[in-house]
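One structure below.
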Amino acid sequence: MNTNLTGKTGILGIIGWPVAHSLSPLMQNAACVALGLDYVYVPFPVAPENLRKAVDGLRALGVTGFNVTIPHKEAIVGLLDILSDEARLIGAVNTVKREGDRLTGHNTDAAGLITSLQDDLEFDIKGSRVLLLGAGGAARAAIVGLCRAGAASVIVANRTPDKAERLVADFRSAFSGANLAVSPLDILKGDQRLKDVDLLINTTAVGLGGTTFDGVDLAPMAPCACVYDMVYSPALTPLLAEARRNSLRSANGVGMLAAQGEAAFSFWTGCEPPNGLMKSRLMAALGGQDMLDNEVYSK
Ligand code: NAP
């Protein structure tokens with residue numbers, strides 16, 4: 001971390017509740033140090049009822065920029081002055097930059113996911129058929145990223161079906177070239193429709209701490225299909241273990257976490273972070289990732 005703080009040091013940070021578990025300070029400070037940039041990145045725990053005050057405070061304090069994580073990504077949208085096209089379409093912000101007195105909201109999750117699918121799975125999104133688990137903020141970012149990258153179809157399966165219906169309805173007109181549909185989560189239980197899925201992405205919180213979907217059976221998926229889990233702790237989630245049992249190419253969300261962070265860093269500083277630095281710092285901090293990666297890549 002930059003320990004030579006001066007009156008000119010730029011402040012970056014992250015707001016969330018809780019925020020103590022966040023690995024963003026680790027990877028962002030590593031990039032600042034590696035490039036010799038005079039910034040420091042700090043965690044700000046902000047309870048939901050304090051969000052407006054916190055945003056006003058960050059604006060008044062003149063911070064350079066900050067990340068936004070659960071539960072504020074959607075609530076912050078109305079508190080900012082400008083939204084990028086991506087953030088407006090997704091309806092959620094994970095990165096804010098101050099320009100003069102104005103705060104611009106941006107969303108780097110969609111780009112982070114697409115980068116990770118390409119780098120970690122070498123997955124060709126154009127023309128692909130995707131099954132997306134979840135209908136929250138991460139699913140909204142995923143659907144925007146996937147449709148912009150040319151996915152042919154996206155089926156959304158969510159525990160609360162109404163939310164999946166709403167998500168698909170929200171994006172039908174923006175992405176009329178893609179076939180958007182919904183399915184019950186039961187599709188995961190060995191449903192024959194899995195045969196036609198090229199890529200399964202979990203955007204739900206299921207997998208965190210080793211939690212699992214009921215009766216998941218991916219046996220019908222084609223041998224060339226891929227599975228991506230946005231969850232990265234544990235490194236090998238039960239969904240990824242099921243993918244591995246079926247010899248499917250798979251990756252967890254650590255690459256997405258690094259890629260969305262790299263995009264945020266460039267947005268704030270105008271500099272590219274050193275290639276691979278953020279991901280390697282994350283993997284070292286999370287432990288067990290090397291083993292998973294070796295197995296993923298050795299297929
Ligand atoms: P969110 O808006 O709160 O949405 C949560 C989603 O998870 C909803 O679809 C919810 O279904 C579903 N869900 C929660 N518990 C469930 C359960 N027990 N069974 C089935 N479905 C369940 O959260 P989010 O912002 O989309 O984030 C979701 C996950 O993605 C989090 O774990 C987050 O850490 C991860 N994420 C990772 C990255 C990365 O860089 N790797 C980036 C963004 C997000 P209902 O609608 O039925 O409640």
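Note that the structure is predicted; figures quoted are calculated from it, not measured. Every number for a ligand or one of its atoms is a count from 1 in the order of the listing. We number each residue from 1, following the sequence as shown.
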Salt-bridged, [X] to [Y], with N to O below 4.0 Å?
X: Lys73; Y: Asp109; answer: yes
X: Lys126; Y: Asp124; answer: no
X: Lys189; Y: Asp214; answer: no
X: Arg249; Y: Asp120; answer: no

statement: Those residues at least two apart in sequence (or on a different chain) that pass salt bridge (Lys or Arg N to Asp or Glu O under 4.0 Å) with Arg102 are none
Which residue and atom name correspond to the protein heavy atom nearest [atom], and how close is it?
atom: atom 11 (O) of ligand 1; value: Asn158 OD1, 3.2 Å
atom: atom 23 (O) of ligand 1; value: Ile70 CD1, 4.2 Å
atom: atom 42 (C) of ligand 1; value: Met256 CE, 3.5 Å
atom: atom 32 (O) of ligand 1; value: Ala205 CA, 3.6 Å
atom: atom 35 (C) of ligand 1; value: Met230 CB, 4.3 Å

- request: Please work out which of Thr211, Leu167, Asn94, Leu257 has its closest non-hydrogen atom nearest to atom 40 (O) of ligand 1.
  value: Leu257
message: Closer than 4.0 Å and a protein heavy atom, does any atom meet both conditions relative to atom 15 (N) of ligand 1?
response: yes
Exercise check, heavy-atom protein proximity under 4.0 Å to atom 5 (C) of ligand 1: no
Region of [X] engaging ligand 1 - heavy atom pairs below 4.0 Å:
X: Thr204; value: both
X: Arg159; value: both
X: Thr203; value: backbone

message: Counting only heavy atoms not in Arg98 (residues, nucleotides, ligands), do more than 12 fall under 6.0 Å from its CZ?
response: yes
Check: [X]/[Y] side-chain N/O donor and acceptor closer than 3.5 Å:
X: Ser116; Y: Tyr228; result: yes
X: Asn29; Y: Asn2; result: no
X: Asn67; Y: Ser24; result: no
X: Asp162; Y: Thr160; result: no

Close-contact set for ligand 1 against [X] heavy atoms, below 4.0 Å:
X: Thr160; answer: 45 (P), 46 (O), 47 (O)
X: Gly134; answer: 9 (O)
X: Lys73; answer: 43 (C)
X: Ala138; answer: 24 (P), 25 (O), 26 (O), 27 (O), 30 (O), 44 (C)
X: Val206; answer: 16 (C), 17 (C), 18 (N), 19 (N), 20 (C), 21 (N), 22 (C)
X: Gly136; answer: 2 (O), 4 (O), 9 (O), 26 (O)
X: Leu208; answer: 32 (O)
X: Gly137; answer: 2 (O), 26 (O)

message: Let me check something: do Leu257 and Leu26 share a hydrophobic cluster, defined by ILVMFWY side-chain heavy atoms less than 4.5 Å apart, either directly or through other members?
response: no
- prompt: Backbone or side chain, does any N or O of Lys163 fall under 3.5 Å from an N or O of ligand 1?
  reply: yes
task: Return a yes/no value for Gly253: is any of its N or O atoms, backbone included, closer than 3.5 angstrom to an N or O of ligand 1?
output: yes
message: Phe66 and side chain to side chain contact (heavy atoms under 4.5 Å, CB included): which single residue from Leu58, Ile14, Leu12, Ile11 fits?
response: Leu58
- prompt: What's the spacing between Arg59 CZ and Asp101 CG if we round to 0.5 Å?
  reply: 7.5 Å
- prompt: Heavy atom of Ala135 under 4.0 Å from ligand 1?
  reply: yes
query: Applying a strict 4.0 Å limit to heavy atoms, is Arg140 in contact with ligand 1?
result: no
Member of Thr203, Thr237, Asn252 meeting the side-chain hydrogen bond (donor to acceptor under 3.5 Å, both in side chains) criterion with Asp229: Thr237
